Q: 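Dropping the structure in here first, questions after.
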Amino acid sequence: MRNYRNAFVFALVGNLALLAVLGGLGWRSEQHRKVEATIQQPSPGETSQNSPNGWESSAIAPHEAALVPVQLSPERLQSIGVKAGRVESKVVEDEIRVTGNVAIDETRLSTVQVRYSGYIQKVFADSTYQYLRKGQPLFTIYSPDLVATEREYLVAKRNQQRVTQSTVPGVTEGAASLLEAASERLKQWGVPQGEITRLESTGEVQQQLEVTSPVSGYITERNALPNLTVQPETRLYSVADLSTVWVLAEVFQIDLGRIKVGDRASLTVDSYPGRVFEGRVNFIYPQVDMTTRTARARLVFSNPGLKLTPGMFVNVSLKVAMGRQLVIPASGVLQSGTRQIVFVSRGDGYIEPREVQLGSRASDDFIVLKGLKAGEEIVTSANFLIDSESQLQAALGSFVPPPPGAGAAGAINAPQAKADLATEPDPPRKGANTLRVKLTDASGAPISGAEVSVTFSMPAMPAMGMAAMRTQIPLAEKGNGLYEGAGKLDSGGTWQVTILAKKNGQIVASKQLSVNATGGM
């Protein structure tokens with residue numbers, strides 16, 4: 001029994017000790033996690049330090065990857081297909097392509113009505129889209145009111161003639177007043193002056209009045225029929241002059257702010273390949289269709305030969321003048337979530353990511369609102385590869401240069417000369433240093449007459465609040481393949497060094513290495 005009791009005690013003590021050890025490990029892990037979080041997350045009042053080129057390494061959204069400058073050898077740039085373009089200031093004109101339909105110009109649409117009641121007798125213009133000339137007969141009409149007024153006119157005319165010699169006061173004036181009233185009524189009813197002249201000359205009432213077209217154009221609506229009873233409000237014909245037409249173009253909401261009244265426009269239609277019609281924006285309707293998210297823009301086009309007919313579907317190109325703008329090739333922009341990134345080439349393979357603010361797109365270019373200046377050079381191809389390299393370097397926290405070449409292409413194009421670096425003091429330090437490069441060919445013979453530069457690069461370290469640093473030091477020839485120069489390092493630590501030697505415009509040597517400088521950060 002005693003042995004069982006001792007075993008139970010020992011087991012209990014062992015379990016308690018094991019629980020204590022596990023609790024201590026858990027507490028240490030939690031404390032370590034809190035310390036890391038404190039280091040990685042800036043305090044609410046902390047602000048990021050801007051690099052000299054304007055790149056803010058710490059001003060990044062939580063879900064966006066950090067980017068740092070990278071430096072690639074000429075062979076590496078060639079192997080991944082890097083191409084460059086320039087930031088330019090130029091006059092920009094954009095083109096907005098939309099569709100539309102031809103419509104009748106409402107300002108050239110006329111209606112035919114009579115101002116009295118009556119009955120249509122004969123109809124001469126009896127088909128829709130029949131062409132009419134101004135003054136061409138349309139129909140004849142019998143109107144009892146018109147006939148009665150003509151008779152009153154004739155009676156007033158005779159009375160005036162009879163009382164012309166009367167000496168009774170007011171008789172002559174009364175007769176003249178009646179005649180004038182009858183004549184004015186005929187004019188107000190739209191009776192042509194020729195009909196009034198005929199009435200005076202013949203003295204006979206016309207039972208049927210012939211109504212003519214007031215304008216030239218095409219009949220787009222016809223309601224005049226034989227034996228039809230008409231009233232002053234009856235619309236008998238609609239006549240359209242199609243020498244000028246409207247085009248109702250459907251413009252997307254995103255483009256409404258870019259067009260204005262008076263902008264030039266061109267039109268093409270499948271019925272006439274190669275034919276281009278020129279016009280202008282006449283009006284922009286103040287309403288957007290909730291289904292298509294488009295608004296109508298009314299365009300005015302001349303219509304020689306009546307090639308454009310109402311209802312025709314057409315393709316419209318709106319010319320948008322945007323003035324002088326700072327632009328970059330659209331292929332040079334990397335859309336990275338909430339940011340717009342371009343990679344600025346600063347020479348010798350040094351490529352800097354930069355966040356920019358862009359305006360609207362104009363053909364193959366983007367308008368730059370902020371972040372670039374004219375004359376700068378940007379990468380326009382292989383952006384995704386450079387973006388991946390930049391993210392990798394940011395994740396590693398140090399700059400690891402790529403190999404001089406990639407595969408067979410890199411081996412073929414790699415320079416065969418040798419460049420050896422020496423510093424004074426050795427190792428280099430924070431502050432002033434003297435650099436010497438010994439340049440020899442594949443056989444060990446010294447190379448003279450070359451242009452040699454040494455570039456020191458250190459990537460940004462956002463966790464420590466440090467911006468990227470870069471120092472380029474040109475070296476002067478001292479003879480026998482030796483090149484020497486002086487430069488200043490802004491910090492101690494690990495620097496990535498690129499030695500580049502050119503002769504007659506060709507790269508004869510390229511070398512990359514890491515150097516640890518003394519003196520602290």
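Quick note: residue numbers are just sequence positions, from 1. Treat the numbers as computed from the prediction; the structure is a model and nothing was measured.
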Q: Is a salt bridge present between Lys438 and Asp420, judged by a nitrogen-to-oxygen distance below 4.0 Å?
A: no
Q: Does any N or O in the side chain of Asn303 come within less than 3.5 Å of the main-chain N or O of Lys307, such that one atom is a donor and the other an acceptor?
A: yes
Q: Test side-chain hydrogen bond (donor to acceptor under 3.5 Å, both in side chains) on Ser266 and Glu278; report intermediate values, then the result.
A: CA-CA 5 Å; Ser266 60; Glu278 299 293 336; 5.0 Å; no
Q: Does a sphere of radius 6.0 Å around CG in Asp270 hold more than 12 heavy atoms from other residues, nucleotides or ligands, not counting ones at 6.0 Å or beyond?
A: no
Q: Mind listing the closest non-hydrogen atom pair of Ser514 and Thr494 along with its distance?
A: CB-CG2, 4.4 Å
Q: When rounded to the nearest 0.5 angstrom, what is the spacing between CD1 in Ile341 and CG in Asn383?
A: 11.0 Å
Q: Within the 4.5 Å heavy-atom criterion, are Val454 and Leu475 side-chain neighbours or not?
A: yes
Q: Between Glu93 and Arg264, is the closest basic N to carboxylate O distance under 4.0 Å?
A: yes
Q: Is there a side-chain contact between Ser216 and Tyr131 (heavy atoms, below 4.5 Å)?
A: yes
Q: Going by atom types only, do Gln71 and Asp348 share a side-chain donor-acceptor pair under 3.5 Å?
A: no
Q: Answer yes or no: is there a side-chain heavy-atom contact under 4.5 Å between Pro446 and Asp441?
A: no
Q: Tell me, do Ile473 and Phe456 make a side-chain contact under 4.5 Å, heavy atoms counted?
A: yes
Q: Considering only NZ, NE, NH1 and NH2 on the basic side and carboxylate oxygens on the acidic side, decide whether Glu451 and Lys502 come within less than 4.0 Å.
A: no
Q: Does the Asn433 side chain pair with the main chain of Gly431, one donor and one acceptor, at a distance under 3.5 Å?
A: yes
Q: Looking at side-chain heavy atoms only, is the closest gap between Val316 and Val251 below 4.5 Å?
A: no
Q: Is there a side-chain contact between Glu424 and Leu435 (heavy atoms, below 4.5 Å)?
A: no
Q: Between Val102 and Leu248, is a side-chain contact (heavy atoms from CB on, under 4.5 Å) present by the stated rule, with each step listed?
A: CA-CA 6 Å; Val102 179; Leu248 302 179; over 6 Å; no
Q: Do Arg470 and Tyr350 meet the cation-pi criteria used here (NZ or CZ under 6.0 Å from the six-membered ring centre, within 45° of the axis)?
A: yes
Q: List the steps, then state whether side-chain hydrogen bond (donor to acceptor under 3.5 Å, both in side chains) holds for Asp105 with Thr244.
A: CA-CA 7 Å; Asp105 185 346; Thr244 298; 5.2 Å; no
Q: Is the closest basic N to carboxylate O distance between Glu88 and Arg324 below 4.0 Å?
A: no
Q: Heavy atoms, side chains only, cut-off 4.5 Å: are Ile351 and Val344 in contact?
A: no
Q: I'd like to know whether Leu267 forms a side-chain contact (heavy atoms from CB on, under 4.5 Å) with Val276, so could you lay out the CA-CA distance, the side-chain angles of the two residues, the decisive distance to 0.1 Å, and finally the verdict.
A: CA-CA 6 Å; Leu267 176 154; Val276 179; over 6 Å; no
Q: Using a 3.5 Å distance criterion without hydrogens, assess whether the side chain of Tyr483 forms a donor-acceptor pair with backbone atoms of Ala501.
A: no
Q: For Arg280 and Gly262, indicate whether the former's side chain and the latter's backbone hold a donor-acceptor pair under 3.5 Å.
A: yes
Q: Where the side chain of Glu477 meets the backbone of Gly449, is there a donor-acceptor pair that is under 3.5 Å apart?
A: yes
Q: Might you point out which heavy atoms bring Leu372 and Ile328 nearest each other, and give the distance in Å?
A: CD1-CG2, 3.8 Å
Q: Under 6.0 Å between ring centres: does that hold for Phe277 and Phe301?
A: no
Q: Evaluate the side-chain proximity of Ile378 to Ser345: yes if any heavy-atom separation is below 4.5 Å, no if none is.
A: no
Q: Donor-acceptor pair, Arg298 side chain versus Ile284 backbone, under 3.5 Å?
A: no
Q: Mind listing the closest non-hydrogen atom pair of Leu482 and Arg436 along with its distance?
A: CD1-CB, 4.1 Å
Q: Please give me the minimum heavy-atom distance between Val245 and Ala103, naming the atom from each residue.
A: CB-O, 3.7 Å
Q: Short question: side chain of Lys511, backbone of Ala419 - any donor-acceptor pair under 3.5 Å?
A: yes
Q: Between Val356 and Leu358, what is the shortest heavy-atom contact and its length?
A: CG2-CD2, 3.8 Å
Q: Restricting to non-hydrogen atoms, name the atom on Ala450 and the atom on Leu439 that form the minimum distance, rounded to 0.1 Å.
A: CB-CD2, 3.8 Å
Q: Run through Leu369, Val91, Ile367, Val368 and flag the one making a side chain to side chain contact (heavy atoms under 4.5 Å, CB included) with Gln325.
A: Ile367
Q: Could you tell me whether Ile254 atom CD1 has more than 12 heavy atoms of other residues or ligands within 6.0 Å of it?
A: no
Q: State whether the number of non-hydrogen atoms from other residues, nucleotides or ligands found under 6.0 Å of Gln287 atom CD is greater than 12.
A: no
Q: Does the side chain of Gln496 pick up a donor-acceptor pair with the side chain of Ser457 at under 3.5 Å?
A: no
Q: Examine distances only and state if a side-chain atom of Arg429 and a backbone atom of Gly519 form a donor-acceptor pair shorter than 3.5 Å.
A: no
Q: Under 3.5 Å, is there a donor-acceptor pair between the side chain of Asp289 and the main chain of Arg293?
A: no
Q: What distance separates Leu326 CG from Ser89 OG, expressed to the nearest 0.5 Å?
A: 6.0 Å
Q: For Arg361, enumerate each residue passing the side-chain hydrogen bond (donor to acceptor under 3.5 Å, both in side chains) test, keeping only those at least two apart in sequence or located in another chain.
A: none
Q: Give a yes or no on this: more than 12 heavy atoms of other residues, nucleotides or ligands lie within 6.0 Å of atom CZ of Phe252.
A: no
Q: Quick check: does any side chain N or O of Gln78 sit under 3.5 Å from a backbone N or O of Glu75, one acting as donor and the other as acceptor?
A: no
Q: Closer than 4.0 angstrom, basic N to acidic O: yes or no for Glu106 and Arg108?
A: no
Q: One pair to check against salt bridge (charged side-chain N to carboxylate O under 4.0 Å, His left out): Arg86 and Glu376. What are the steps and the verdict?
A: CA-CA 6 Å; Arg86 287 201 170 272; Glu376 289 189 299; over 6 Å; no
Q: Looking only at side-chain N and O atoms, does Glu95 offer a donor or acceptor that is under 3.5 Å from a partner on Ser317?
A: yes
